[in-house]
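Below: the structure, in structure tokens.
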Amino acid sequence: MAAEGGGKEMNEIKTQFTTREGVYKLLTHSEYSRPNRVPFNSQGSNPVKVSFVNVNDQSGNGDRICFNVGRELYFYIYKGVRKAADLSKPIDKRIYKGTQPTCHDFNHLTATAESVSLLVGFSAGQVQLIDPIKKETSKLFNEERLIDKSRVTCVKWVPGSESLFLVAHSSGNMYLYNVEHTCGTTAPHYQVLKQGENYAVHTCKSKSTRNPLLKWTVGEGALNEFAFSPDGKFLACVSQDGFLRVFNFDSVELHGTMKSYFGGLLCVCWSPDGKYIVAGGEDDLVTVWSFLDCRVIARGHGHKSWVSVVAFDHYTTSVEESDPMELSGSDEDFQDQIHFDRDRANSTQSRLSKRNSTDSRPVSVTYRFGSVGQDTQLCLWDLTEDILFPHLPLSRTRTHTNVMNATNPSSGGSGGGGGGGSSSIVISNNPGTNGNNSGGSTPGNSLPTPLPRSNSLPHSAAAAAANSKSVAMDGAIASGVSKFATLSLHDRKERHHEKDHKRNHSMGHISSKSSDKLNLLAKTKTDPAKTLGTTLCPRMEDVPLLEPLICKKIAHERLTVLIFLEDCIVTACQEGFICTWARPGKVGCCSALFALMRSSGSYSSIWYRSDRLGAEQCGISWEMPQPFREGKSKRIARDLSINRDRPLRALE
């Protein structure tokens with residue numbers, strides 16, 4: 001096992017790492033890949049992606065995993081930290097000719113043990129709807145490539161909808177589809193619905209309703225990824241022009257914008273309560289952006305190359321409050337409430353909103369998020385209140401632990417709902433203001449010396465009473481779309497995938513494609529001097545610089561996946577290996593036994609049972625080399641409570 005320590009070789013692949021929660025361990029027996037386990041030659045291929053869904057199987061093992069490797073798409077039962085992966089029995093496997101899968105997404109609302117709806121985007125621009133359980137292909141969208149000929153970069157179901165989904169392309173366009181409608185036999189004609197700062201939204205003109213329902217043209221260059229807010233009302237998009245743009249999805253209004261330090265932005269994610277957005281890209285940084293204040297509040301530097309994925313850990317986000325009687329549950333209850341699906345995310349947000357509206361109680365929220373990059377490194381970061389609230393007015397600033405005594409924060413134009421308190425806190429929008437400076441009041445244009453550097457980002461419970469969001473997505477869009485007609489747009493020239501991610505981006509090159517949110521009423525190009533140093537893109541010295549909690553090399557090839565599950569972290573690299581990292585305390589005796597058997601002998605089957613308290617019993621059928629069997633088998637059997645005579649449930 002690779003050691004964690006500092007004197008070891010920097011290029012050594014780590015198999016465990018330690019945080020304040022404990023030790024995370026790589027489970028080699030839970031690795032998923034192509035059945036032959038041969039590393040995939042990834043040169044020129046699309047990134048490996050992973051999607052999860054739970055089908056509520058009565059057996060208690062309802063998790064399913066889908067991943068693409070080159071031209072192949074696999075669908076397996078995901079056995080997690082307690083069971084070994086059986087790669088010889090995929091539920092479904094597909095090999096495509098002439099195109100490659102680039103991304104995919106499950107519809108969690110309609111998933112059952114008998115059927116799941118999986119959207120798959122392709123390098124040639126098509127989108128396929130399949131059911132890997134029934135092994136059926138329902139529909140193929142953009143089949144003739146009349147809608148868009150460029151690579152699909154991101155596809156997601158609209159939250160709360162069983163039929164609407166959104167597709168982004170490397171052309172910089174996004175399209176809203178309905179699975180019930182056809183795409184037509186001719187190229188669509190469009191009419192402007194809404195136009196704004198470097199974006200436009202069009203509706204499709206047709207006698208009968210057809211796909212796409214809406215066409216979004218966003219920024220310059222490829223639209224690399226988008227993400228819906230936890231309540232489904234807002235949409236965050238990151239583009240090759242280096243801009244993060246956040247839209248109200250129902251009203252198609254631009255809410256806010258952020259510019260990368262340089263280069264394109266490649267990935268984006270929302271905090272569990274929708275108050276913060278993290279983006280990463282070709283500047284090798286992770287950037288934290290406040291949804292309420294519409295400004296950059298911190299940058300994190302730990303990667304040595306492009307950041308390919310960012311994700312929040314919903315299960316490690318922690319809440320501390322001085323008066324536990326006011327809480328609806330313990331911190332563990334809170335963590336159990338936070339899940340990937342929309343309903344549980346809304347419940348988390350309402351809990352945070354309720355807590356933020358309370359008065360005279362110190363509250364502390366710490367967000368955990370992670371990032372992986374082309375440098376093969378995994379970084380974990382914490383957001384804590386010393387970063388989120390570095391410039392509260394001195395008269396209202398308390399200690400590090402009770403800085404959240406605030407009632408009703410208001411920042412710039414971001415309204416805060418009444419918090420039940422008598423006074424409100426005014427938070428400056430200038431990233432250079434710091435309430436911890438000595439002196440009665442800090443000028444809005446002064447910079448703190450030194451700026452805070454932290455490996456942990458706090459979260460203000462006071463900052464978002466106004467962020468209460470409800471779900472009425474399907475009907476609003478469907479009713480609005482039917483009213484509009486058409487405008488034809490010239491097709492954008494498709495850029496080759498390799499050019500989209502070319503490393504040598506100069507500041508001049510990026511600036512020639514950027515739009516200044518503060519000055520633009522129409523599409524224009526600005527130089528970096530007009531962007532750098534504004535709220536759109538603060539200088540490095542104007543915002544806190546985060547340091548990662550951990551930064552570990554965990555793969556040989558660039559990392560393309562980071563997903564936080566309740567009992568593990570899932571990562572994947574471009575070689576096609578999907579790795580499971582058990583959270584502290586989640587590795588049972590079965591996992592240890594299996595690892596021992598893999599290295600010491602051969603086995604035919606393993607069995608296990610876990611009672612309500614988590615205690616395990618195991619049964620095995622296994623042959624080992626004679627010296628090992630005579631010397632150690634009895635002691636191992638006793639230590640692990642193994643019962644050879646009464647097998648329980650099959651592990652593999």
Side-chain angles (χ1 to χ4, degrees), residues 51-52 105 108 154-160 166 168 174 218 223-239 243-250 254-258 265-281 286-298 300 307-317 334-335 337-353 356 365-372 380-383 387-388 414 457-461 463-464 466-471 473 562-565:
S51 297
F52 284 98
D105 188 44
H108 297 266
C154 187
V155 59
K156 291 184 186 297
W157 293 94
V158 173
L166 195 61
M174 281 191 305
V218 181
L223 202 163
N224 290 321
E225 191 176 40
F226 62 82
F228 285 98
S229 61
D231 66 356
K233 280 190 171 184
F234 291 87
L235 182 71
C237 307
V238 289
S239 301
F243 278 88
L244 162 72
R245 296 175 177 88
V246 182
F247 297 93
N248 184 308
F249 188 61
D250 286 329
L254 184 64
H255 170 79
T257 313
M258 182 269 287
L265 288 175
L266 306 178
C267 51
V268 64
C269 66
W270 292 79
S271 65
D273 55 4
K275 295 177 184 175
Y276 302 99
I277 296 173
V278 173
V286 293
T287 303
V288 185
W289 190 79
S290 169
F291 175 80
L292 291 179
D293 297 342
C294 291
R295 66 180 180 87
V296 175
I297 59 172
V307 179
S308 52
V309 183
V310 288
F312 274 89
D313 184 352
H314 295 204
Y315 303 96
T316 311
T317 295
F334 167 70
Q335 292 178 14
Q337 284 181 330
I338 304 180
H339 294 281
F340 292 104
D341 62 83
R342 176 182 185 152
D343 293 336
R344 292 179 181 176
N346 279 340
S347 119
T348 301
Q349 182 189 353
S350 64
R351 180 186 167 109
L352 287 169
S353 298
N356 292 346
V365 179
T366 299
Y367 297 95
R368 167 71 54 80
F369 71 93
S371 58
V372 295
L380 295 181
W381 316 77
D382 272 356
L383 304 176
I387 299 299
L388 297 180
S414 310
L457 269 183
H459 161 67
S460 143
N467 207 17
S468 163
K469 308 177 191 228
S470 67
V471 216
M473 184 74 55
L562 175 63
I563 300 174
F564 292 96
L565 301 179

| Parallel, tilted or perpendicular, as decided by the 30° and 60° cut-offs, for the rings of Trp270 and Phe234 |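 Rings of Phe234 and Trp270: tilted, as their planes differ by 30° to 60°.
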
| Parallel under 30°, tilted from 30 to 60°, perpendicular over 60°: which one fits the rings of His255 and Phe291? |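 Rings of His255 and Phe291: parallel, as their planes differ by under 30°.
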
| query | What residues, two or more places apart in sequence or in another chain, satisfy side-chain hydrogen bond (donor to acceptor under 3.5 Å, both in side chains) together with Thr287? | reply |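 Per chain and number, Thr287 pairs via side-chain hydrogen bond (donor to acceptor under 3.5 Å, both in side chains) with no residue.
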
| said: The test is side-chain contact (heavy atoms from CB on, under 4.5 Å); show your working for Val158 and Phe249 and say whether it passes. | reply: CA-CA 10 Å; Val158 173; Phe249 188 61; 4.1 Å; yes

Let me confirm one number: the [atom1]-[atom2] distance from [X] to [Y], rounded to the nearest 0.5 Å.
{"X": "His314", "Y": "Ser271", "atom1": "NE2", "atom2": "OG", "result": "8.0 Å"}
{"X": "Ser308", "Y": "Asn224", "atom1": "OG", "atom2": "CG", "result": "11.5 Å"}
{"X": "Lys233", "Y": "Asn248", "atom1": "NZ", "atom2": "CG", "result": "7.5 Å"}

At their closest point, which heavy atom of [X] faces which heavy atom of [Y], and how far apart are they?
{"X": "Lys275", "Y": "Tyr367", "result": "CD-OH, 4.0 Å"}
{"X": "Trp289", "Y": "Val296", "result": "CD1-N, 3.7 Å"}
{"X": "Pro230", "Y": "Asp273", "result": "CG-C, 4.3 Å"}
{"X": "Val310", "Y": "Ser371", "result": "CG1-CB, 3.9 Å"}
{"X": "Ser239", "Y": "Arg245", "result": "OG-NH1, 3.9 Å"}
{"X": "Asp105", "Y": "Trp157", "result": "OD2-N, 2.9 Å"}

| Are Trp381 and Val278 close enough, and set up right, to give a side-chain contact (heavy atoms from CB on, under 4.5 Å), and what steps lead you there? | CA-CA 11 Å; Trp381 316 77; Val278 173; over 6 Å; no

| Excluding sequence neighbours, so at least two apart, what forms side-chain contact (heavy atoms from CB on, under 4.5 Å) with Ala279? |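 Ala279: side-chain contact (heavy atoms from CB on, under 4.5 Å) contacts with Val238, Met258, Leu265.
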
| said: Applying side-chain contact (heavy atoms from CB on, under 4.5 Å), can you list everything that pairs with Val309, at least two apart in sequence or on another chain? | reply: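 For Val309, the residues satisfying side-chain contact (heavy atoms from CB on, under 4.5 Å) (neighbours in sequence not counted) are Val372, Leu562.
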
| said: Phe247: which residues meet the ring-ring contact (aromatic ring centres under 6.0 Å, His included) condition with it, sequence neighbours left out? | reply: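 Listed in chain order: Tyr199, Trp216.
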
| Any side-chain heavy atom of Phe226 sitting closer than 4.5 Å to one from Val218? |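 SC-SC contact between Phe226 and Val218 ruled out.
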
| query | Would you say the side chain of Leu166 lies within less than 4.5 Å of the side chain of Leu235, judging by non-hydrogen atoms? | reply |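 The answer is yes, as the side chains (C-beta and beyond) meet within the 4.5 Å cut-off.
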
| field | Any donor-acceptor N/O pair, Asp313 side chain to Phe564 backbone, under 3.5 Å | value |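 No.
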
